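To keep things clear, I will list the structure first and then write my remarks on it.
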Amino acid sequence: MVLDPPRGLVKNTSILDSVKEVLSRFFFRFSFLLPPLVGCLLILGLNSFAIRSPFLDRAENLFFDAFLKYRPTIRTNPSIIFIEVSEDLIRSMPTLPVPWRYHAALIHILNEWGAKAILFDMLFPKPTQPLDVEALRQAIEKSGRVYLPVLVEYQQGEKVWQHSIPEFERAAKGIGHVNVLPDKDGVFRSIAPVLSHQNETYEHLGLLLARDFLEKEEVIQRKYLFSREGKEFFLINWAGKWVETFEHYSYLDVLKSFKAQTIGEKPLLSPETFREKICLIGVTLSGGGDIKSTPLEPTYPGVGTIANVINMVLTNQFIRPARAHEEVAALWVLSLLTMICIIPFRTLFSPIAIAVLSLLWILGSFLAFCKIGVWFATVHPLTVVFELSIFSSVYSKITTDRERTRFFQLATKDGLTGLYVMRHFHELMKKIIEYAWKTGKPLSLMLIDTDQFKEINDTYSHLAGDEVLKHVAQTILSCIRGESDEREGDIAARYGGDEFIVAILNMDAQEVAFKIAERLRKSIAEKPLKWHEREIPITISIGISALRKTDKNIEELIRRADQALYRAKGQGRNQVCLE
């Protein structure tokens, strides 16, 4: 027969109590992780707010440039070709600049050969010969596929729009801006899709031409835009170096090929080369003035910028900066992985793991750049990883030093009184005795016993006895230190049970008896210890000995002090006796 247990013996626990107990055990076990975790989260939070800080822009741009250089080659649209105003044309001209009738002739040639679009990356601001003006105007108007640029330039300290003459712009199919804003290091990485100034607004010429070519209303989505200085920009996806990207043809060779065709000779360039092509005409001379510094090379003709914009649209290969929430999410993931590596472990594993994480982050950013066209800030997360590593190292050093100090104190200090333990006291006394012998300075020893300590325990409890020992120990320290906390050689220890031992350097036994021991005895006797609204009277007996030249070790000094203490207790306690 099984009997039910008495009521109250078995405690019914609810699910909530069980959860509380599990959490309590968890926090007790892992509470040592809380301070470094809070510090790391604080660093992470501050860096999350500073994710768009411009201080690291130069370093971030270096990674952007490196990603462009070392990524796989991207696609280029074969419809885009260059017709270069280069040195061969300049040398063949009797006068400069190139007469406008040559441009009119080029438009006629390209129109006859079936070019899809003709874009001039040059302005025609001032009329030259009237016949040349009319010839070029008629060529632009008849073609119906010519695009002309406008740009904002500084004149006499003010920004003004620079235009071709109105007759040309009215005849052109499209007009767009060609301004490019360099970064602080002088490298061109982004461009404004639309530029407004003085009540005039123009779309970028490359976007305008690409939109007409694709017959679309919008060719760039807002997700590819980012804000800088209150204006919207998009990154240029540079397809490659100047000589390696797109097809290049000489302006002069086009003219010569057309002339050869008209007289029945074989042309240098086949008319089929230009059929359904987007022909970009611009000056490519190194000293031509419109030279840009790009992430891929320091000198790049300005007309190439337009070509790269058109290629981005036609091949749908845009690059966009990661959004703030995407970068914050990536920062948190990387930082949490870093914290996992550095908080629980304080071994060689941590720096190795951090180095691997950093390399993986760079590789991941590079893959995101190449595969999905998203540019994540690379340097900022690496600096956060570095900050977390430094914080972890500093915190680890502080906690290690603190633990070392605590273990040293546990090994050298008595847990109850805070005085030295005898083992450490012996070690210190060896050095002090050697110093006293070497310098000839006097050294005295006090052996102190708490009178009637067993009766205190029996009368007031052992807890009260512990408080008495603490009180006596603190009074000893205050008396031997006096007004100074830095008396070298004055050390106190718990001798055992209710006894204490004190070494006084640079004072003979007589001085110790009158200046320290008697003051200590009176201080203890005149100030009873208050314990739970009761006063516990305390007295001590003290025996004093002095170091002799014949003493071989500390035991002889202690033996004589013990004999003096025995006399003090035998004569009625609460007194000081010399050896």
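Computed from a predicted structure; not experimentally measured.
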Response to the item:
Given the options Ile432, Ile491, Leu419, Phe425 meets side-chain contact (heavy atoms from CB on, under 4.5 Å) only with Ile491

Worksheet item: Given Arg560 and Asp551, is the salt bridge (Lys or Arg N to Asp or Glu O under 4.0 Å) satisfied, shown in steps?
Response: CA-CA 11 Å; Arg560 294 198 304 274; Asp551 289 337; 2.8 Å; yes

Worksheet item: Quick one: does NZ or CZ of Arg228 land under 6.0 Å from the six-membered ring centre of Phe233, within 45 degrees of the ring axis?
Response: yes

Worksheet item: Centre of Tyr300's six-membered ring, under 6.0 Å away, within 45 degrees of the axis: is that where NZ or CZ of Lys292 sits?
Response: no

Worksheet item: Are Asp458 and Lys454 within salt-bridge range, i.e. N to O under 4.0 Å?
Response: yes

Worksheet item: Do His426 and Glu555 come close enough that some side-chain heavy atom pair is under 4.5 Å?
Response: yes

Worksheet entry | Side-chain touch Ser358/Val385, heavy atoms, less than 4.5 angstrom | yes

Worksheet item: Below 4.5 Å, heavy atoms only, C-beta onward: do Met312 and Gln317 meet side chain to side chain?
Response: no

Discussion item. For the OG1 atom of Thr378 and the CG atom of Asn61, what is their distance to the nearest 0.5 Å?
Written reply: 10.5 Å

Practice prompt. For the pair Leu68 and Asn237, evaluate side chain to side chain contact (heavy atoms under 4.5 Å, CB included) and give the outcome as yes or no after the intermediate values.
Written response: CA-CA 8 Å; Leu68 282 174; Asn237 192 0; 4.1 Å; yes

Discussion item. Between Tyr224 and Phe234 (judged by ring centroids, cut-off 6.0 Å), do the two rings come close enough to count as a pair?
Written reply: no

Worksheet item: Is it true that Arg189 and Asp65 have a side-chain N and a carboxylate O under 4.0 angstrom from each other?
Response: yes

Discussion item. Whether Glu434 and Lys431 form a salt bridge (side-chain N of Lys/Arg under 4.0 Å from carboxylate O of Asp/Glu) is what I want to check.
Written reply: no

Worksheet item: Is the Trp375-Phe64 ring centre distance short of 6.0 angstrom?
Response: yes

Worksheet item: In this structure, which one of Arg567, Arg548, Arg559 forms a salt bridge (charged side-chain N to carboxylate O under 4.0 Å, His left out) with Glu579?
Response: Arg548

Discussion item. Side chains of Asn308 and Thr305 only: does a donor on one sit below 3.5 Å from an acceptor on the other?
Written reply: no

Discussion item. Val421 vs Arg494, test: side chain to side chain contact (heavy atoms under 4.5 Å, CB included). Steps then yes/no.
Written reply: CA-CA 6 Å; Val421 297; Arg494 187 178 180 185; over 6 Å; no

Discussion item. By the definition side-chain hydrogen bond (donor to acceptor under 3.5 Å, both in side chains), identify the one residue from Asp449, Asp451, Thr450, Asn574 that meets it with Ser541.
Written reply: Asp451

Practice prompt. Work out which heavy atom in Ile558 is nearest to a heavy atom in Leu447; give both atom names and the distance.
Written response: O-CD2, 4.4 Å

Worksheet item: Taking all non-hydrogen atoms of both residues, which atom of Lys515 and which atom of Met507 are closest, and how far apart?
Response: CD-CE, 3.8 Å

Item to complete: State, without any angle test, whether Tyr420 and Lys413 hold a side-chain donor-acceptor pair at a distance under 3.5 Å.
Response: no

Fill in: CA sep, side-chain torsions, deciding dist, call: Thr315, Ile74, side chain to side chain contact (heavy atoms under 4.5 Å, CB included)
CA-CA 9 Å; Thr315 60; Ile74 67 171; over 6 Å; no

Practice prompt. Anything under 30° is parallel, anything over 60° is perpendicular, the rest tilted; go ahead and classify Phe376 against Trp361.
Written response: perpendicular

Worksheet item: Looking at the rings of Phe500 and Tyr495, which for Trp means the six-membered one, are their centres under 6.0 Å apart?
Response: no

Worksheet item: So, do Ile504 and Leu443 sit near enough that their side-chain heavy atoms are less than 4.5 Å apart?
Response: no

Worksheet item: Of the non-hydrogen atoms in Arg323 and Leu225, which two are nearest, and what is the gap between them?
Response: NH1-O, 2.9 Å

Item to complete: Indicate yes or no: at least one non-hydrogen side-chain atom of Pro182 is less than 4.5 angstrom from one of Val187.
Response: no

Worksheet item: If every non-hydrogen atom of Leu469 is compared with every non-hydrogen atom of Gly497, which pair is closest and at what distance?
Response: CD1-O, 3.9 Å

Worksheet item: Does OH in Tyr566 sit with more than 12 non-hydrogen atoms of other residues, nucleotides or ligands closer than 6.0 Å?
Response: no

Response to the item:
On a heavy-atom basis, the closest approach of Ala517 and Met446 is CB-SD, 3.7 Å

Fill in: Over all atoms of both residues, closest heavy-atom pair of Arg58 and Lys184
NH2-O, 4.2 Å

Worksheet item: Is Asp508 close to Glu511 at the side-chain level, that is, under 4.5 Å between some pair of heavy atoms?
Response: yes

Practice prompt. May I ask you to test the Glu232-Phe226 pair for a side-chain heavy-atom distance under 4.5 Å?
Written response: no

Discussion item. If you apply the rule side chain to side chain contact (heavy atoms under 4.5 Å, CB included), what do you find for Leu565 with Ile544, and how did you get there?
Written reply: CA-CA 7 Å; Leu565 174 63; Ile544 302 175; over 6 Å; no

